[in-house]
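These notes are about the structure you will find just below.
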Amino acid sequence: MNSTVTCELHVRLVVSSESSLPIPASLRYDTADPYAVQAAFHTGDEDTVDWVFARESLAEGLHRPTGIGDVQIWPSRSHGMDVVCIALASEEGEALLHAPAKVLESFLRRTDAAVPPGTEGGHLNLDQELSRFLAES
């Protein structure tokens, strides 16, 4: 049986060294896709920017820099608070986000309870995934 873990939070979009904007965000973890965390950043009334992160990268980014290329994650402090910096890059542009570390830690603990790290492979239905992949080709 598949289950999901969700989290609503506010991240800060860093505009400059002195300025940032609050952005509502949603995190979603589905045990049917046990390696991934889906993130939706709400940039307007109906607009969202969607990203998919490796759950392992988010967890590692709580403690040390991780990632290369279009997603980089590292721990930091901002305004006296522990944050996780998430740098995103795409053809459309780049963004630096600060997410509250405590909120991410809590979310990741709940994902670990749903699928303990290292057991993700046992939660995949390879026949179903292969059929879906072949149907999309």
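For reference, positions follow the sequence shown, starting with 1. Just so you know, these numbers come straight off a predicted model, no measurement behind them.
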Using 0.5 Å steps for rounding, measure from the [atom1] atom of [X] to the [atom2] atom of [Y].
{"X": "K102", "Y": "L62", "atom1": "NZ", "atom2": "CG", "answer": "11.5 Å"}
{"X": "S20", "Y": "L13", "atom1": "OG", "atom2": "CG", "answer": "8.0 Å"}
{"X": "C85", "Y": "H98", "atom1": "SG", "atom2": "NE2", "answer": "3.5 Å"}
{"X": "L27", "Y": "F41", "atom1": "CG", "atom2": "CZ", "answer": "7.0 Å"}

Considering all heavy atoms, the nearest [X]-[Y] contact:
{"X": "A36", "Y": "Y29", "answer": "O-CD1, 3.1 Å"}
{"X": "P22", "Y": "H10", "answer": "CB-CD2, 4.4 Å"}
{"X": "V84", "Y": "G61", "answer": "CG1-O, 4.1 Å"}
{"X": "S57", "Y": "T66", "answer": "O-CG2, 3.3 Å"}
{"X": "L9", "Y": "P100", "answer": "CD1-CD, 4.0 Å"}
{"X": "N2", "Y": "A32", "answer": "ND2-CB, 3.3 Å"}

Subject >> Intermediate values then yes/no, side chain to side chain donor-acceptor pair (under 3.5 Å), H42 and S26 >> reply: CA-CA 8 Å; H42 307 282; S26 305; 2.9 Å; yes

**OP:** Report the C-alpha separation of T31 and S3 in whole Å, then their side-chain angles, then the decisive distance to 0.1 Å, and conclude whether the side chain to side chain contact (heavy atoms under 4.5 Å, CB included) test is met.
**Re:** CA-CA 6 Å; T31 59; S3 63; 3.5 Å; yes

**OP:** Report the C-alpha separation of R28 and T4 in whole Å, then their side-chain angles, then the decisive distance to 0.1 Å, and conclude whether the side chain to side chain contact (heavy atoms under 4.5 Å, CB included) test is met.
**Re:** CA-CA 7 Å; R28 185 174 186 275; T4 59; 3.3 Å; yes

Any link between [X] and [Y] through a network of hydrophobic side chains (Ile, Leu, Val, Met, Phe, Trp, Tyr) touching at under 4.5 Å?
{"X": "W74", "Y": "I86", "result": "no"}
{"X": "L96", "Y": "V103", "result": "no"}
{"X": "W51", "Y": "L97", "result": "yes"}
{"X": "I23", "Y": "L104", "result": "yes"}

Subject >> Beyond-backbone contact of L88 with F53, side-chain heavy atoms, under 4.5 angstrom >> reply: yes

Original post:
Are side-chain heavy atoms of V83 and S78 found at a separation under 4.5 Å?
Top reply: yes

**OP:** Only one of D30, V52, V5, L58 passes side chain to side chain contact (heavy atoms under 4.5 Å, CB included) with V37; say which it is.
**Re:** L58

Original post:
Between the main-chain N or O of T111 and the side-chain N or O of R55, is there a donor-acceptor pair closer than 3.5 Å?
Top reply: yes

**OP:** Examine distances only and state if a side-chain atom of T48 and a backbone atom of D50 form a donor-acceptor pair shorter than 3.5 Å.
**Re:** no

Original post:
Is R110 salt-bridged to D112, going by a charged N under 4.0 Å from an acidic O?
Top reply: no

**OP:** Using a strict 4.0 Å threshold on nitrogen-to-oxygen distance, state whether E60 and R64 make a salt bridge.
**Re:** yes

